[in-house]
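Report on the following structure.
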There are 2 protein chains.
Amino acid sequence: MNKRIQLSTETLRCSTCGLGQFCLPVGMAPADAHKMDELVQLRLRVGKGQPLFRAEDGLDAVYGIRFGSLKTLVELADGRQQITGFHLPGEVIGLDGLGRETHASTAVALEDSEVCVIPIRDLSVVATHLPSLQRQLLRLMSRELENDQQLLLSLGAMRAEEKLAAFLISLSDRLSARGYSSSQFVLRMSREEIGNFLGLTLETVSRLFSRFAKAGLLRINQKEVELVDVPALRQIVGRQC
Amino acid sequence: MNKRIQLSTETLRCSTCGLGQFCLPVGMAPADAHKMDELVQLRLRVGKGQPLFRAEDGLDAVYGIRFGSLKTLVELADGRQQITGFHLPGEVIGLDGLGRETHASTAVALEDSEVCVIPIRDLSVVATHLPSLQRQLLRLMSRELENDQQLLLSLGAMRAEEKLAAFLISLSDRLSARGYSSSQFVLRMSREEIGNFLGLTLETVSRLFSRFAKAGLLRINQKEVELVDVPALRQIVGRQC
DNA sequence: CGGTCCTTTGAGCGCCTTCAAAGTAGGTGG
DNA sequence: CCACCTACTTTGAAGGCGCTCAAAGGACCG
């Protein structure tokens, strides 16, 4: 089970959280950001491999990632699944269920992680009187739509090589926006998960990593990657994505 | 260019529009629905093959489809494109750009169509004081997220036969919800567009139609389809989607 | 240190694509 | 109204990209 962490007034809150620039409070005036503090009273620890929520579950909260990383996925009746996203600290997940008040996807931790619980009951109450929060919700959801559309482009219109290059570039950009190295990082997901995400098999992903490494585009050792020739990788994608 | 139609007080408005159950006013109290009338002062005629908006364009409105149908798509730098949706009357398109105030996708009419113009400037003003509209916006966006996720599942996890069956079933359901026949309808899009949408080539789509017809699952004559054995089609998809 | 899971690499195959050509529909202008 | 043109569709044949099957080598964990 996921471990609950009750927040006291002393604890780090939204208004002082360094991830604010990616999370719900983006672009809010300090006064408004303080109202977020009332909203988030609880955090959850989610162990590696543990689900945070499952598709079809009733939705009573959305979640901001404090540390760690999670994947979201949707499933077919026969068990086949499609990973729809890998999520980093500062991202808010669960928004795709807001309409039906039922989760549309399942979220699973890729590593031990911690998330801030944002109860939607309170969220909608606060948002009613807080235009900046309304706007931010719409902004986050439309960003998620854009992400899905990029993934659709990957799955539908790219070849294997381009898919993996696009994946690495995108991950590099997101990590670098969060202050991590853009060229050296650890893949928290397995080859199989990358393959599933991109519509490839794990063997194809592994072969592509080997081929990219042989071509001098990157170095790879298990889950550690170092992008050596980013411009070449970008060119594989098509110099714009 | 698209033809503008200024609305008078006499004209059919949101509060009396039969498509309200699919469009922005879903589930609004009559009093609230009337406020929508102030919002929509203009309609546009879009000729077959004409763009309603293009990705990267500034976004100053979202659009409710009155009649006709449109496709939305995203593009790669080299021109390859991925169709992300086919849209029917009552659907609101352009929401994916709300965050950046820039369109994230391009919308093109599949046939001569008419859309209601919903200016976002006014929309956000009205929404601030109208919680039912805020909720409806979130609901529409999260539904769009769900649609994208279903498509991701198609593109990434299904085989050609399943993709086409799922496409037909989904279209049938949506048409029937709008009062059209669920078993006989006209495909407004070409084989190439269906293929692009599903991550297949136009030849594969054509062959699948022929194969389905030979198996007695459907009849097809150019763009006219009649679904003969819907249960069998659903079974191909995996009896749940 | 044993077990399990993940990754790598090879060989062969199959689904879907590519290439090609003929057939059909729809629209336009003479 | 018909001839022509263009765009779309159908069908066949051949080929390739990525998959499936298989096995060995590492890494991680209790």
Side-chain angles (χ1 to χ4, degrees), chain A residues 47-50 71 80-83 86 108-112 154-168 186-215 218-226 236, chain B residues 47-50 71 80-83 86 108-112 154-168 186-215 218-226 236:
Chain A
K48 177 175 179 170
Q50 294 298 309
K71 63 177 173 182
R80 275 178 293 177
Q81 50 185 45
Q82 173 65 41
I83 296 175
F86 297 116
V108 176
L110 293 175
E111 59 189 313
D112 291 349
S154 272
L155 285 171
M158 289 187 182
R159 281 173 307 108
E161 234 180 34
E162 300 170 314
K163 291 179 181 184
L164 189 64
F167 169 72
L168 290 170
V186 175
L187 299 169
R188 296 298 174 182
M189 65 297 287
S190 68
R191 301 288 187 267
E192 181 168 26
E193 287 167 325
I194 297 173
N196 178 298
F197 181 65
L198 298 174
L200 301 170
T201 57
L202 67 99
E203 294 95 329
T204 301
V205 172
S206 176
R207 274 186 255 270
L208 284 171
F209 272 129
S210 301
R211 203 196 307 168
F212 282 178
K214 195 167 291 177
L218 50 76
R219 275 191 272 274
I220 182 137
N221 186 343
Q222 297 296 122
K223 299 206 182 272
E224 288 165 26
V225 204
E226 181 186 353
I236 289 177
Chain B
K48 177 174 178 170
Q50 294 298 309
K71 64 177 175 182
R80 276 177 293 177
Q81 51 185 45
Q82 173 65 40
I83 295 176
F86 296 116
V108 177
L110 294 174
E111 58 189 314
D112 291 350
S154 271
L155 285 172
M158 289 186 182
R159 280 170 310 106
E161 236 181 32
E162 302 170 312
K163 290 179 181 184
L164 188 63
F167 168 72
L168 290 170
V186 174
L187 299 169
R188 297 298 174 182
M189 66 296 287
S190 68
R191 301 288 186 269
E192 181 169 26
E193 286 167 326
I194 297 173
N196 179 298
F197 181 64
L198 298 173
L200 301 170
T201 57
L202 67 101
E203 293 95 330
T204 300
V205 173
S206 176
R207 275 185 255 270
L208 284 171
F209 273 128
S210 301
R211 202 196 307 167
F212 281 178
K214 195 167 288 176
L218 51 77
R219 274 191 271 277
I220 182 139
N221 185 344
Q222 298 296 123
K223 299 205 181 274
E224 288 165 27
V225 203
E226 180 186 353
I236 290 176

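By convention in this document, chain letters (A, B, ...) are assigned in the order of the sequence lines, proteins followed by strands, and residues within each chain are numbered from 1. This is a predicted model, so every value here is computed, not measured.
The CG atom of A/Leu208 sits 8 Å away from the P atom of D/dG18 (whole-angstrom rounding). Spacing between atom CZ of A/Arg188 and atom P of D/dC28 amounts to 12 Å, rounded to whole angstrom units. Residue B/Ile220 contributes atom CD1, which lies 16 Å from atom P of C/dT24 at whole-angstrom precision. B/Met189 places its CE atom 16 Å from the C1' atom of D/dT9, with the value rounded to the nearest Å. Atom CG in A/Asn221 sits about 12 Å away from atom P in C/dT7, given to the nearest Å. Taking atom NZ of residue A/Lys163 and atom C1' of nucleotide D/dG18, one finds them 9 Å apart after rounding to whole Å. Atom CG of B/Leu110 and atom P of D/dA7 are 18 Å apart (whole Å). Residue B/Arg191 contributes atom CZ, which lies 18 Å from atom P of C/dC16 at whole-angstrom precision.
In this structure, A/Phe197 and A/Phe86 have tilted ring planes: the angle between them lies in the 30° to 60° band.
Side chains of A/Glu193 and A/Lys71 form a contact here, defined as non-hydrogen atoms less than 4.5 Å apart. Between B/Leu200 and B/Leu208 there is a side-chain heavy-atom pair separated by less than 4.5 Å.
Base engagement by A/Arg207 is indicated by at least one non-hydrogen atom pair under 4.0 Å involving a base atom. Within 4.0 Å of B/Ser190, counting heavy atoms only, lie sugar-phosphate atoms of the nucleic acid but no base atom.
Looking at A/Arg191, its side chain never comes within 3.5 Å of a backbone N or O of A/Thr201 through a donor-acceptor pair.
Taking side-chain N and O atoms only, B/Arg159 has no distance below 4.0 Å to OP1 or OP2 of C/dC16. Put simply, A/Ser206 has no side-chain N or O that comes within less than 4.0 Å of OP1 or OP2 on C/dC6. Of the side-chain N and O atoms in B/Lys223, none sit less than 4.0 angstrom from OP1 or OP2 of D/dC8.
Scanning residues 194-204 of chain A for heavy-atom distances under 4.0 Å to DNA chain C yields A/Leu202, A/Glu203.
For B/Glu203, the salt bridge (Lys or Arg N to Asp or Glu O under 4.0 Å) test picks out no residue, with sequence neighbours left out. Every residue was checked against the ring-ring contact (aromatic ring centres under 6.0 Å, His included) condition with B/Phe212, not counting sequence neighbours, and none meets it. Residues satisfying the salt bridge (Lys or Arg N to Asp or Glu O under 4.0 Å) criterion with B/Glu224, sequence neighbours excluded, are absent altogether. A search for salt bridge (Lys or Arg N to Asp or Glu O under 4.0 Å) contacts involving B/Glu162 returns A/Arg80, not counting sequence neighbours.
Where the helix from C/dC1-D/dG30 to C/dG30-D/dC1 starts and where it ends, the local axes point in directions that differ by 50°; five pairs per end, rounded to 10°.
In this structure, A/Arg211 and A/Gln222 both approach DNA chain D, and ranking their closest nucleotides by distance from the 5' end singles out A/Arg211.
With rounding to the nearest 0.5 Å, the separation of CG in A/Leu187 from CZ in A/Phe209 is 5.0 Å.
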